[in-house]
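Single-structure report; data block below.
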Amino acid sequence: MTSEAEQAPGRDEALGYEQARDELIEVVRRLEAGGTTLEESLALWERGEELAKVCRRWLDGARARLDAALAEEAAEDGDAE
């Protein structure tokens, strides 16, 4: 038996933020509900860690774009003075 993460290596790069977030929510729901074996719980936890990394990369990228846009705007405002 293989976990979802083992079945599709590299698929996380194609996940959008919302997809990763929604899957992470489902993983957390399943872990909180219980009723899984230790092996299943560990696989879910590992998948959740990977999904959290995907979300973090998206958020870090969005922050960098926002910071760049604000810096550009500030530079334009400085040139106008």
Side-chain angles (χ1 to χ4, degrees):
M1 184 172 127
T2 60
S3 71
E4 282 183 38
E6 291 170 343
Q7 290 174 1
R11 75 178 177 150
D12 291 340
E13 289 82 31
L15 282 178
Y17 172 78
E18 289 81 6
Q19 292 170 304
R21 181 202 59 211
D22 290 348
E23 189 177 339
L24 179 56
I25 290 168
E26 179 61 19
V27 165
V28 170
R29 185 196 65 73
R30 288 179 61 194
L31 284 169
E32 288 178 341
T36 57
T37 66
L38 177 59
E39 184 177 335
E40 291 168 333
S41 294
L42 285 172
L44 284 169
W45 178 80
E46 289 170 345
R47 182 66 183 147
E49 288 291 321
E50 291 303 314
L51 291 165
K53 288 177 188 176
V54 171
C55 290
R56 174 58 53 199
R57 282 194 299 268
W58 275 105
L59 292 173
D60 288 346
R63 170 55 70 188
R65 289 175 60 189
L66 179 59
D67 289 345
L70 291 173
E72 184 179 321
E73 184 178 305
E76 290 173 0
D77 289 346
D79 291 343
E81 292 178 13

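The analysis underlying the following values was restricted to heavy atoms, covering all of them including side chains, and did not include hydrogens, waters or symmetry mates. Sequence positions, counted from 1, serve as the residue numbers for this chain. Since the model is a prediction, treat every value here as computed from it, not as a measurement.
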Name all residues meeting the side-chain hydrogen bond (donor to acceptor under 3.5 Å, both in side chains) criterion together with Glu49; count only those two or more places apart in sequence or in a different chain, and write none if there are none. none

Out of Glu26, Glu23, Glu40, which one pairs with Arg47 under the salt bridge (charged side-chain N to carboxylate O under 4.0 Å, His left out) rule? Glu23

For Ala20 and Val54 the tightest heavy-atom approach is CB-CG1, 3.6 Å

When every non-hydrogen atom of Trp58 is compared with those of Tyr17, the smallest separation belongs to NE1-N, 3.5 Å

With rounding to the nearest 0.5 angstrom, report the CD to SG distance, Glu18 to Cys55. 9.0 Å

Shared hydrophobic cluster, Leu42 / Val27 (ILVMFWY, side-chain heavy atoms < 4.5 Å): no

Could you list the residues that satisfy side chain to side chain contact (heavy atoms under 4.5 Å, CB included) with Leu24, not counting sequence neighbours? Val28, Leu51, Ala52

Could you state the interatomic distance from CG (Leu44) to CZ (Arg29), rounded to the nearest 0.5 Å? 10.0 Å

With sequence neighbours left out, what residues match Arg65 under side-chain hydrogen bond (donor to acceptor under 3.5 Å, both in side chains)? none

